[in-house]
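Below is one structure; the comments refer to it alone.
Basis for what follows: all heavy atoms, side chains included, without hydrogens, waters or symmetry-related copies. So that the names make sense, note that chain A is the first sequence line, chain B the second, and so on, each numbered from 1.
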There are 2 protein chains.
Amino acid sequence: MSCAEEYTPKLRARGYRMTSQRLAILHVLHHSGGHLSPAEVYEQAHLQVPGLTETTVYRTLDFLAENGLARPAHMGSGRLVYEIARHEHHHLKCRTCGTEMEVEHALLKSMYQKLESESGYKLTDSHLTFFGLCPNCQKGD
Amino acid sequence: MSCAEEYTPKLRARGYRMTSQRLAILHVLHHSGGHLSPAEVYEQAHLQVPGLTETTVYRTLDFLAENGLARPAHMGSGRLVYEIARHEHHHLKCRTCGTEMEVEHALLKSMYQKLESESGYKLTDSHLTFFGLCPNCQKGD
DNA sequence: TTCCTTATTGCAACTTTTGGCAATAATATG
DNA sequence: CATATTATTGCCAAAAGTTGCAATAAGGAA
């Protein structure tokens, strides 16, 4: 299934329009797999849509996140990166070497439930980033 | 104990210097209690140290976080806020009305342990922000 | 296909954050 | 107390991100 076929209906269902800019940005996120900074998204999507501006990239990433097609994540720099919305997961990043790994949401499930019952809040999406030392960097420490 | 008495030794112990700028910023964080944006910190600290620049505020907040005297947190906007380092805690924020509450780290303890044993990483500090719907906003939904 | 509505984009100005470098000032030492 | 060392700051300019508004174009209706 092409990106257009996959994502256009999702936008339409919410009353929004598919545009060449949005499609190019979704395409970049979809095929990169990982998380990208707005600048990286711009750099790549720009090739497909020459007139594309960085303003539009920022607005579109925010828009896609707002509508569940992309997920924003903080990777420790104070700046947001984005990835295509797939299975729910979190990140674990090494403070020393920067190596990252994904953390399945299943691992946090029971903690989420405890948090819901204690707080009364109904938890929705939260992309979490944990920091620590990877096995390798623990040795040298 | 004054801010100077409390924080100066902590910096000295690490080979750093206490300055009027750092003291003013620590004072602001210490007495505000909650988390503040760099702009808010600047606005207040500026009153004590007229020559203070925003550049210094950014650098100092980063420096304090790096050295464990302050903690950075993401509150969903893509921008960092800072609070004075106290007991370890996390935040839970309502997507609808913005109401926030603190989450004790104790509640996440066993999840942290599970995460460490599964990943091999040794977890260090991570300020987490969870998002959800507060009890009030669940009704109206 | 053509027209109409309005969501979306590009542009330009603006705010926020970062980085390089010379001047300043905190602290150790004589 | 005076001097030397160098961490820290301020200044300036650049990079990153945001906002308002007029022009454009997606998609429904005729």
* Using the six-membered ring wherever Trp is involved, compare the ring planes of H89(A) and H127(A) and label them parallel, tilted or perpendicular (cut-offs 30° and 60°). =>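 Answer is perpendicular, since the angle exceeds 60°.
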* Aromatic ring pairing H90(A)/H105(A), orientation class (parallel under 30°, perpendicular over 60°, tilted between) ->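 Because their plane-to-plane angle lies in the 30° to 60° range, the rings of H90(A) and H105(A) count as tilted.
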Can you check whether [X] has a side-chain N or O nearer than 4.0 Å to OP1 or OP2 of [N]?
X: T19(B); N: dT9(D); result: yes
X: Y58(A); N: dT18(D); result: no
X: T56(A); N: dT9(C); result: no
X: Q21(B); N: dG10(D); result: yes

Roughly, in whole Å, what's the span from [atom1] in [X] to [atom2] in [N]?
X: E54(A); N: dC11(C); atom1: CD; atom2: C1'; answer: 13 Å
X: R17(A); N: dA25(D); atom1: CZ; atom2: C1'; answer: 8 Å
X: D62(B); N: dT18(C); atom1: CG; atom2: P; answer: 7 Å
X: L52(A); N: dT8(C); atom1: CG; atom2: C1'; answer: 12 Å
X: N67(A); N: dT8(C); atom1: CG; atom2: P; answer: 9 Å
X: L64(B); N: dT8(D); atom1: CG; atom2: P; answer: 11 Å
X: L23(B); N: dA7(D); atom1: CG; atom2: P; answer: 21 Å
X: Y42(B); N: dT15(C); atom1: OH; atom2: P; answer: 14 Å

* To do: Let me know which of L128(B), T124(B), D125(B) forms a side chain to side chain contact (heavy atoms under 4.5 Å, CB included) with F130(A).
  => L128(B)
* Using a cut-off of 4.0 Å on non-hydrogen atoms, how would the nucleic acid contact of T55(B) be classed: base, sugar-phosphate, or nothing? ->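 If one applies the 4.0 Å heavy-atom cut-off, T55(B) turns out to touch a base.
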* To do: Select base, sugar-phosphate, or nothing to describe what G78(B) touches, counting heavy atoms under 4.0 Å on all strands.
  => nothing
* Asked: Under 3.5 Å, is there a donor-acceptor pair between the side chain of T56(B) and the main chain of L52(B)?
  ->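 Not a single qualifying donor-acceptor pair exists.
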* May I ask you to decide if H91(B)'s main-chain N or O and T129(B)'s side chain share a donor-acceptor pair within less than 3.5 Å? =>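 Here the side-chain-to-backbone pair does not exist.
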* Of T8(B) and R79(B), the one whose closest DNA chain C nucleotide lies more 5' -> R79(B)
* DNA chain C: Y16(B) or R22(A), which has the more 5' nearest nucleotide? -> R22(A)
* Under the 3.5 Å rule, do the base of dG10(C) and the side chain of R59(A) count as making a donor-acceptor pair? ->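 Side chain to base: pair found, below 3.5 Å.
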* **Along DNA chain D (nearest heavy atom to each residue), the more 5'-positioned of R12(A) and M18(B)** =>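 First, find each residue's nearest nucleotide; the 5'-ward one identifies M18(B).
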* To do: Map S77(B) and T60(B) onto DNA chain D by nearest heavy atom, then report which one ends up closer to the 5' terminus.
  => T60(B)
